[in-house]
Each structure stands twice: as structure tokens, then as C-alpha cells.
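Before any comments, here is the structure.
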2 protein chains.
Amino acid sequence: MNAPTVYDVAGQAGVSIATVSRVYRAPDSVRAGTREKVLEAARELGYVPSGNARGLASRNTRVLGLCFPDYADPDAEDPDSDYGDDAELMLYSDEIIRGMERAARRHGYALLIAASLAEGPRNLVADVAGRVDGFAVLARTVPTEELEVISRRLPVVMLAGPREDAALDHLDHVEVANFDGELALTRHLIADHGHTRLAFAGSAEDSPDGEARFRGFQAAHLEAGLPVPERPDVRTGLTQAEGERAVAELLDREGETPHAVAFANDQMAVGALSELRRRGVRVPEDLAVVGFDGIPLGRLVTPALTTVRQPMRRLGEEAVELLVARLGDRGREPASKVLPVSVVRRSSCGCPARDDSVDGSGPLGDGPVDGEASVTQS
Amino acid sequence: MNAPTVYDVAGQAGVSIATVSRVYRAPDSVRAGTREKVLEAARELGYVPSGNARGLASRNTRVLGLCFPDYADPDAEDPDSDYGDDAELMLYSDEIIRGMERAARRHGYALLIAASLAEGPRNLVADVAGRVDGFAVLARTVPTEELEVISRRLPVVMLAGPREDAALDHLDHVEVANFDGELALTRHLIADHGHTRLAFAGSAEDSPDGEARFRGFQAAHLEAGLPVPERPDVRTGLTQAEGERAVAELLDREGETPHAVAFANDQMAVGALSELRRRGVRVPEDLAVVGFDGIPLGRLVTPALTTVRQPMRRLGEEAVELLVARLGDRGREPASKVLPVSVVRRSSCGCPARDDSVDGSGPLGDGPVDGEASVTQS
DNA sequence: CGCTGGGTTGAAAGCGCATTCATCGTACGC
DNA sequence: GCGTACGATGAATGCGCTTTCAACCCAGCG
């Protein structure tokens with residue numbers, strides 16, 4: 001009653017288990033007649049090769065992994081929430097998953113995914129690590145120390161995190177041009193809209209992405225001859241709720257209020273939009289708002305959010321390429337890819353609103369071309 | 001230079017491999033002092049337990065799988081396409097993946113995903129099947145015959161496909177209330193908007209979902225005392241491009257043109273919207289259009305698409321529950337869950353347009369509550 | 001007609017871990 | 001103080017498959 005094994009098939013077909021194995025691993029090395037006998041027996045018995053056994057014997061799994069934090073906004077989990085529908089909008093990690101799955105499949109690998117809650121990642125990662133030939137990790141999903149140990153044994157590529165940690169600089173990295181993207185975005189705010197009093201709503205200091213974006217923000221000031229801010233004007237979490245909080249704090253603060261706010265990501269910016277609306281602050285007239293990420297939700301809100309679009313799917317694809325390359329040559333130099341981003345000008349920064357409706361060419365007026373400027377890391 | 005194994009750790013810690021194993025599988029059965037020694041050695045060596053070996057020895061993988069077709073609209077793959085951005089919108093399978101991942105994690109499983117192209121699914125499924133303890137399959141992703149063989153050896157749940165195939169009726173199923181959803185939707189068209197000349201744009205006959213929806217369409221006619229259509233007025237593929245084709249065929253056909261068209265899914269309906277716009281046909285004045293699925297894109301188009309929303313994430317969650325349940329009791333009766341759907345009234349059917357902009361409560365006016373009616377399979 | 005070599009197939013040795021079963025102490029009970 | 005039972009640990013076996021290495025078969029050649 002147990003699942004049939006090579007032995008069963010071999011017995012049934014009147015051959016040795018080696019031959020059964022060959023039928024699956026190297027069909028051409030088995031005579032056609034024999035092969036048919038084996039295949040027939042396998043079909044009859046309902047034989048499915050054990051991935052575990054195969055993996056054990058051949059010392060590889062043909063599976064790639066992805067560990068990502070469970071980013072879901074808790075709000076979005078609540079079906080009664082106003083944000084209910086946002087959950088349907090594709091988030092960061094979904095895109096990466098898609099990209100990795102495609103690329104992995106192309107290379108003959110399957111994809112194992114595991115989101116990690118704040119709680120017990122220790123177990124999670126080791127678990128994943130033990131099952132795959134290599135895997136990608138979204139930055140800060142896994143404690144450095146643990147990654148260090150694991151990466152000694154199998155290829156790991158870090159996603160969306162700069163090579164900051166010395167202990168991890170032997171890892172391959174894929175990231176987007178955070179610095180240049182925010183630089184271009186801020187430059188747009190300054191040069192095209194004439195803003196001089198800008199604020200930056202950042203995330204925790206240990207968010208490499210956020211920090212890089214802030215540096216781009218600084219650089220734009222430097223470039224324009226404006227006083228360079230030393231640090232983000234406010235720091236909060238990366239959710240919509242936190243974005244509301246951030247903008248509230250900014251506005252309630254005494255002193256001059258800014259004329260434009262750059263948020264560390266789109267979710268925060270979207271949250272801020274709600275809060276601003278609630279307060280009667282007009283966007284972009286009273287305050288310009290920009291985000292970063294290019295989540296679909298950004299186009300649905302009013303005003304539509306100006307942002308920087310990241311090629312998230314490509315992030316996943318590149319991760320797989322790096323993994324495969326390293327699997328092929330363990331000794332190669334650590335690689336680091338920086339993917340180009342593009343500024344998406346919509347109305348929240350003061351750019352003219354564009355028609356988001358059906359037109360002659362497609363259902364969406366917001367084509368990928370106009371209003372964008374591609375930017376590559378220098 | 002090979003990855004360290006239990007033997008290495010055991011040697012380093014001065015214990016037997018059995019003890020090392022116990023430290024990981026049943027920590028409490030090892031004295032605290034010993035445990036620490038082992039853990040220390042493991043850390044030092046960079047030991048990561050081999051999932052393959054563990055799986056082989058314990059006869060289970062703690063991994064659940066998901067096989068789905070690669071639904072992506074080929075158009076969406078073309079970065080120059082007008083649909084470029086649609087790719088960012090969450091598609092059917094992404095939601096299922098999310099749902100399954102969550103539920104699987106809750107039960108201590110990882111998730112292995114594999115999309116299958118039209119080409120070599122044979123290999124794919126066997127590959128997945130050999131690596132997991134059980135898996136879910138989107139209907140029609142895998143040939144019946146193959147599924148039949150595999151499902152004899154491990155739990156398989158069929159997603160979004162009715163239990164039509166006798167060879168597969170021992171499988172657990174999860175589906176949505178296609179019939180009742182389309183019934184409610186069509187009823188809305190007839191009763192609330194007074195339509196009497198409706199058309200149905202269906203998909204291939206072997207699409208169980210599409211057929212069930214059509215039967216709901218028929219039922220609404222029957223209920224209203226209208227002549228019951230024998231078959232869909234047109235059948236095409238499920239993509240946007242095919243939707244354009246379908247509506248074109250419908251309009252070019254001689255005889256009376258319908259006043260409302262129900263499409264088998266949202267993607268087709270969205271495509272139709274483009275074609276109608278191109279032809280100068282006003283929606284909903286000249287022709288009402290409704291879809292099915294509730295994809296986010298449906299809300300972005302103009303006019304916003306009236307549709308039936310499926311709880312796709314729950315589909316994934318329920319699949320895992322069923323899998324886990326069967327893993328716990330192989331002998332249980334085949335279960336079949338039907339998830340409720342809800343009609344989402346937007347403007348493409350003639351319902352008043354609703355404000356999709358920021359309001360006091362959230363960035364989206366299209367809350368999950370108003371304009372919907374929940375429907376459960378009878 | 002014996003020999004050689006290529007093409008097939010079989011025997012056997014692991015792969016790294018879980019899991020009995022046996023062993024060894026040792027705390028306890030009488 | 002001795003037997004007992006229980007807790008902790010080790011030895012050994014096997015999970016199902018891949019992979020040499022060797023054996024074998026037969027065609028072709030000298």
C-alpha cells in the first residue's frame with residue numbers, strides 16, 4: 001500500500017533498479033524496448049519518483065527558494081476595512097515571485113516560497129535552505145548572522161538590499177536604483193515644479209532602501225544648491241497607517257510646513273493622501289506628494305500618485321539568473337546588479353492629470369511610456 | 001569542502017548522529033548540556049539539515065505544491081504593449097498563491113509553485129508530485145490521466161473545477177459559485193436594468209467554469225420567463241485580445257444585436273471595452289457589458305466593469321485546509337467546497353458610476369461593501 | 001574463428017537523516 | 001544495599017534513488 005518505488009517498477013518490468021533510474025535520467029542510454037517496458041510498469045503501478053531520494057542521491061534539489069517578509073498591511077487583512085480591496089492589488093513580493101517563478105522554470109527549477117512573520121524566522125530559513133539549491137532573500141527578512149552561516153553552504157542572493165553588511169558581501173545582490181530614482185524624482189520636484197521646501201518621510205534607519213532613497217533626496221538638494229537636509233524629517237513604518245501618522249506629524253510640527261513631501265514608499269504616500277484629504281489639505285496645490293515603488297494602487301488614488309517605478313518582476317528574474325550562474329560556478333566573483341527605475345509623473349506632484357480611461361489603443365490611458373523617464377544607477 | 005552533515009556535527013560535538021538528529025527533531029529528549037554542545041558544533045560548522053535526507057528518512061516533505069497554468073496574457077509580456085501595466089495587476093493565480101502560502105505556513109508547510117506552459121506538463125507535475133506531500137491543481141492544468149495516476153499516491157485538490165470527471169471524483173475540490181454568481185449577475189441585468197436581449201460570450205466548451213457560468217446565465221432567463229439560449233452566442237479564448245474578437249463577431253453578425261453581453265471572464269470583457277470604444281459603441285448606453293472574476297483591472301477601465309468577484313485568496317486557503325485534512329486522514333470522504341461570490345455593480349452595466357477617489361475614510365471610494373450582493377451556491 | 005570494442009544492463013555502494021532497539025547510568029523504592 | 005525503572009545516548013538499519021564499475025552480448029574485423 002506504500003507508494004511504489006524503483007524496486008517495484010524494476011520487479012514489474014523485469015529489470016534492475018539501475019535501469020529504471022536510467023529511464024528517467026538518461027532515456028537514451030536505455031534500449032527502446034526496455035524503456036517501454038519500464039514506462040509501462042511505471043504507469044501501471046502509478047510510480048512517481050521521489051524527489052527526496054533523488055535529491056539525496058544526486059546532491060541537488062532542482063529547487064530554488066525565496067524568503068520574503070509577510071508584508072501585508074494588517075489593515076488589508078480585515079475584510080471590513082476600507083482598504084479591503086487593496087489586498088487585491090499586487091504587492092511587492094508577488095511580483096518578485098512571478099519573476100522568479102518564470103525564470104526558475106526556464107532553467108528547470110521549481111520555486112519554493114516562504115514568507116516569514118516577525119516570530120520564528122530562524123526555523124523558516126533553515127527549513128528553506130535545507131530544501132533548495134540556492135535561494136533569494138528580501139533584505140532584512142533574515143538575521144545577518146543566520147544568513148552568514150547559511151550562505152557558506154549554498155548560494156544566496158540578496159534582494160533589494162545594498163551590500164552594506166561586511167559579513168554578507170560575498171553574496172550576490174540585486175537592487176534597484178534607489179538613489180538615482182529618488183534623485184530624479186526630487187529633481188523633478190525642484191526643477192520642474194519649483195519647490196524649495198521639501199520634506200522626506202523615511203522609514204526606520206535600518207532600511208537600506210529607505211536610506212538610499214533619502215541620499216538621493218539629499219543629492220538633489222545639493223545639486224540644486226539648496227540646503228541639504230541632514231536626516232529625514234520624520235521616520236515611521238512603511239504602511240498606509242504609518243504614512244498617515246507621518247504626514248500628520250509633519251503638519252502639526254511648529255515652524256514652516258513643507259510644500260512637498262517625498263515618502264519612502266507608495267504605501268505611506270497613499271496613507272498620507274487619506275490624512276491630507278481628511279484635513280482639507282489640497283494635493284498638490286497646498287502640498288505635493290510623491291512616493292516610491294510604483295504599486296498599482298498609486299494610480300487609483302486621487303490625485304494619482306507620482307512615484308518611481310521599480311521593475312520588481314525583473315528583480316526576481318535577475319535573482320534567479322544570479323543563482324543559476326553561481327550554481328554553475330561557485331567561485332565566481334560576487335555580482336551586484338542594479339536595475340534601472342523610472343519616474344512616473346502623475347498628478348500628486350502637480351503634473352497635469354492624465355486620462356486614465358479607455359482610449360483607442362487600450363483600456364488604460366496610463367501607458368508605460370509617456371510621463372516616464374528611465375533612470376539608471378550611475 | 002562538502003556541506004557538513006550530521007556526522008560532522010556529531011564528531012565535532014563528541015556525540016552520535018542519533019543525538020544530533022534528536023537535537024533538531026525532539027530537543028526535549030536530549031539533556032540540556034548535550035544539546036548545547038551539539039548546537040554549538042552545528043553553528044561552528046555551518047550545518048544545515050538536508051531536507052532531502054530528512055524527507056527520505058521520515059517519508060514526508062512538509063511541502064505543499066501548487067500547479068497552475070501560465071495564464072499571463074502574452075500581450076502583457078510585451079513591454080511595449082499598451083497593456084504593459086496590466087501585468088502589474090494581480091492575476092488569478094497570484095491570489096491563490098498568496099492564500100495557499102499563508103495557510104500552508106500556518107500548518108507548518110512550505111509552498112512549492114510551478115506554472116505550466118502548454119508544452120511539457122507531464123514532466124512538471126511528476127516533478128512537483130515527487131517533492132511534496134500533497135498539492136493543488138488549477139483545473140485543466142494537468143491532463144486527467146496523469147492526475148489520476150498521481151492522485152492515487154498523494155492528496156490532490158482540484159481548484160476551480162467542478163467534479164465532472166468520473167476518474168477524478170475521489171479528489172477534493174474547491175470552487176466558487178459560478179452558477180449562482182452568473183445567475184445573480186444576469187438577474188441584475190434583466191430585473192434591474194430591464195434587458196431582454198442578452199448575449200453570452202463564452203470560452204471553450206471544456207472550461208468547466210465557463211460552462212457553469214453559462215448555465216447561470218440560462219437559469220436567469222428561465223426564471224424571468226425569457227427564451228433560454230441554448231449555447232453561448234460566441235466562444236473564444238479567455239484573453240483580452242479574444243474578448244475584442246468576441247464582441248466584434250457579435251456586432252458584425254447579422255440579425256438583432258444584443259443590448260447586453262455577459263463575458264465568461266473579466267479579461268475578455270476588458271478587451272471588449274477597448275473594441276467597443278474603437279467602434280464608437282457606448283457602454284452601457286448602447287451595450288451593457290459585464291464580466292466575471294473581479295480582477296482589479298476591472299475597476300480601472302472606463303466604464304468600470306460590473307462583475308462577480310471571486311474570493312480567490314480563500315480558494316488557496318481552503319485548498320490547503322483540505323490538503324491538510326486529508327493528510328491527517330487519508331480515508332475521509334472526498335470533500336467539495338463551494339465558496340460564495342459577490343456581484344460588484346459598477347457602471348458598465350448601467351448602474352450609477354461611483355466615485356473612485358479619495359474620500360474621508362480611505363483612498364478608494366469603491367469600498368467592499370456597497371454595490372455588492374453576496375451569493376452562495378444553493 | 002577468435003578477438004575487440006561499443007552498447008546495455010546489473011550489482012553494489014552510498015547520499016544524510018530518522019528511528020528502532022539496545023545499552024548504560026543513575027535516581028528510587030523497598 | 002540491591003533490584004528496578006526510567007532517562008539519555010549510541011549502534012545499526014533503511015528510506016528510494018543515482019552512480020560508478022563490471023559484466024555481458026554481439027557485431028565487425030583481422
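Below, read A as the first sequence line, B as the second, and so on, with proteins coming before strands; counting in each chain starts at 1.
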Indicate yes or no: does B:R314 engage B:E321 in a salt bridge with an N to O separation below 4.0 Å. no
Round to the nearest Å and state the distance from B:K37 atom NZ to D:dT9 atom C1'. 10 Å
Between B:T61 and A:R131, do the side chains contain a donor N or O and an acceptor N or O under 3.5 Å apart? no
Value in whole Å for how far the C1' atom of D:dC6 lies from CZ of B:R31: 13 Å
Is it true that A:K37 and A:E40 make a salt bridge, defined as a side-chain N closer than 4.0 Å to a carboxylate O? no
Could you state the CG-P distance from A:N60 to D:dG16, rounded to the nearest angstrom? 20 Å
Kindly give the heavy-atom pair with the smallest separation between B:Q12 and B:L45, and that separation in Å. OE1-CD1, 3.7 Å
Run the side-chain donor-acceptor check on residues 46-53 of chain B: report pairs under 3.5 Å with partners two or more places apart or on a different chain.
residue	atom	partner	partner atom	Å
B:S50	OG	B:N52	N	3.3
B:S50	OG	B:A53	N	2.9

Summarise how protein sits on nucleotides 14-19 of chain C as a single string, 5' to 3': B when a protein heavy atom is under 4.0 Å from the base, S for sugar-phosphate-only contact, - for no contact. BBBBBB
